Amino acid sequence: MSNERKRRGLMLILSSPSAAGKTTLARLLLAEYKDMDLSISVTTRKARGKEVDGEDYHFVSAETFEEMAGRGEFLEYAKVLGSDFYGTPKAPVEAALTAGRDVLFDIDWQGAQQLKQSAASDLVKVFILPPSMEELERRLRGRGVDSEQVMQDRMARAKAEISHWGEYHYVIVNEDIENSMADLRAILAAERRLRKRQPWLGDFVRGLVGPF
Ligand code: 5GP
């Protein structure tokens, strides 16, 4: 893209109950759109399993998190599940948007709501629904052996997440990953053409027809 026609990037929020296909869609989007970055959150929780610092999260101490919050370095932050803090760092998002790059957020309804307060006009919020609760349960069970209690907790959490579908601009029922990707491509194509995301247009039109 020529510098003269640099659009403003957008913040694409993908939310869904776990196992509805969000992570797969996020991975496919990032592989396909070279002008899209994944927002990497900062957290005070410890890294699990194969998680890599700087890729899955930026893992920091509670003191560092507090200092960052005090310096206003987060677009939003929250205490999640009662103990650990999670936050979205502001600087990489702002840098990406002004450079005409989109930023993808893989966050739940709570994070999405908080982002709305700090960055409403840059947001494009997409909710991914499972085709049925039976299918969601099947996909959740497919992830490994969990006790019946754990499964019931996960299903209850999924229902709670789904109850926020009405807060999103777009909703995709993920029957099939390819169709859902086609929907996401269409959403991105349209959102990138919004007039407010093409600040170069005023000069361009003046160049076409002269001053009105
Ligand atoms: P986990 O510890 O399992 O990776 O994530 C726990 C929860 O933290 C998830 O519900 C996830 O959506 C939320 N989370 C992750 N990053 C952020 C963030 O930057 N801000 C907020 N508000 N929540 C986050």
Side-chain angles (χ1 to χ4, degrees), residues 9-27 29-30 36-97 102-120 122-130 136 139-140 143-144 146-147 149-165 167-168 171-172 174:
L10 55 84
M11 296 165 68
L12 179 64
I13 297 196
L14 278 190
S15 298
S16 77
S18 75
K22 176 181 60 167
T23 306
T24 306
L25 290 168
R27 195 167 37 75
L29 280 172
L30 291 166
M36 185 180 287
D37 301 333
L38 179 66
S39 170
I40 298 171
S41 298
V42 177
T43 183
T44 59
R45 85 149 163 78
K46 298 271 172 290
R48 298 185 195 124
K50 289 188 183 149
E51 286 180 335
V52 177
D53 186 31
E55 278 182 29
D56 298 283
Y57 283 103
H58 299 289
F59 297 100
V60 300
S61 66
E63 295 71 43
T64 302
F65 195 98
E66 209 173 305
E67 283 165 18
M68 292 177 76
R71 290 196 295 264
E73 291 180 16
F74 292 119
L75 272 177
E76 63 80 34
Y77 67 92
K79 199 175 194 178
V80 177
L81 305 173
S83 52
D84 286 307
F85 283 91
Y86 294 79
T88 305
K90 196 187 284 182
V93 176
E94 255 318 310
L97 298 184
D102 298 329
V103 185
L104 178 63
F105 295 81
D106 178 346
I107 53 175
D108 61 7
W109 68 270
Q110 220 164 0
Q113 243 181 25
Q114 302 213 104
L115 278 179
K116 197 172 95 190
Q117 281 149 25
S118 58
D122 290 316
L123 292 186
V124 178
K125 300 193 290 177
V126 181
F127 200 87
I128 311 291
L129 284 171
L136 189 76
R139 292 186 196 165
L140 272 174
R143 289 190 167 181
D146 281 312
S147 70
Q149 185 57 49
V150 170
M151 269 309 297
Q152 281 180 17
D153 288 351
R154 288 182 166 195
M155 289 302 285
R157 234 183 298 144
K159 283 184 187 162
E161 183 75 22
I162 288 173
S163 72
H164 291 276
W165 70 277
E167 295 157 26
Y168 288 72
V171 180
I172 297 174
N174 186 24

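Counting begins at 1 with the first residue of the sequence. Numbering of ligands and ligand atoms starts at 1, following listing order. Note that the structure is a prediction, hence the values are computed from the model and not measured.
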>> Can you tell whether the side chains of D106 and K22 come within less than 4.0 Å, N to carboxylate O?
In response: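 Salt bridge: yes.
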
> Hey, is E66 close enough to R71 for a salt bridge, meaning N to O under 4.0 Å?
Replying inline: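 Not counted as a salt bridge, because no side-chain N and carboxylate O are separated by less than 4.0 Å.
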
>> If I take atom CG from residue L129 and atom CG from residue N174, how far apart are they, to the nearest 0.5 angstrom?
In response: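 L129 atom CG to N174 atom CG measures 9.5 Å (nearest 0.5 Å).
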
>> Distance check, rounded to the nearest 0.5 Å: Y168 atom OH versus S16 atom OG?
In response: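 Separation between the atoms: 9.0 Å.
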
Proximal atoms of ligand 1 relative to [X] (non-hydrogen, under 4.0 Å):
X	result
S41	16 (N), 17 (C), 18 (C), 19 (O)
A78	22 (N)
T88	19 (O)
D108	10 (O), 12 (O)
G111	22 (N)

> Is it the side chain (CB and beyond), the backbone, both or neither of R48 that lies under 4.0 Å from ligand 1, heavy atoms counted?
Replying inline: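 For R48, only side-chain atoms sit under 4.0 Å from ligand 1.
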
> Applying a 4.0 Å heavy-atom criterion (strictly less than), which segment of Q110 is in contact with ligand 1: side chain, backbone, both, or neither?
Replying inline: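 The answer is neither; Q110 stays 4.0 Å or more away.
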
>> I need the single residue from Q117, Q114, Q110, K116 that forms a side chain to side chain donor-acceptor pair (under 3.5 Å) with E76. Which is it?
In response: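 Only match with E76 under side chain to side chain donor-acceptor pair (under 3.5 Å): Q114.
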
> How far is atom 20 (N) of ligand 1 from its nearest protein heavy atom, and which residue and atom is that?
Replying inline: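 Result: E76 OE2, 2.6 Å.
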
> Quick one: nearest non-hydrogen protein atom to atom 7 (C) of ligand 1, plus distance?
Replying inline: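 Heavy-atom neighbour on the protein nearest atom 7 (C) of ligand 1: V80 CG1, 3.5 Å.
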
>> Quick one: does any side-chain atom of D153 pair with a main-chain N or O of A156 as donor and acceptor, under 3.5 Å?
In response: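 Checking the backbone N and O of A156 against the side chain of D153, no donor-acceptor pair under 3.5 Å is found.
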
> Do side-chain atoms of D122 reach the backbone of L10 as a donor and acceptor pair under 3.5 angstrom?
Replying inline: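 Absent.
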
>> Using a 3.5 Å cut-off on N or O atoms only, is R45 in polar contact with ligand 1?
In response: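 Such a contact does occur with ligand 1.
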
> Who gets closest to atom 6 (C) of ligand 1 by heavy atom: W109, Y86, Y77?
Replying inline: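 Residue with the shortest heavy-atom distance to the ligand atom: Y86.
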
>> Quick check on E67: does its CD atom have over 12 non-hydrogen neighbours (other residues, nucleotides or ligands) under 6.0 Å away?
In response: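 Enclosed: over 12 neighbouring heavy atoms sit under 6.0 Å from CD of E67.
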
> Should Y57 be listed as contacting ligand 1, given a heavy-atom distance under 4.0 Å as the test?
Replying inline: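 It does, in that a heavy atom of Y57 comes within the 4.0 Å cut-off of ligand 1.
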
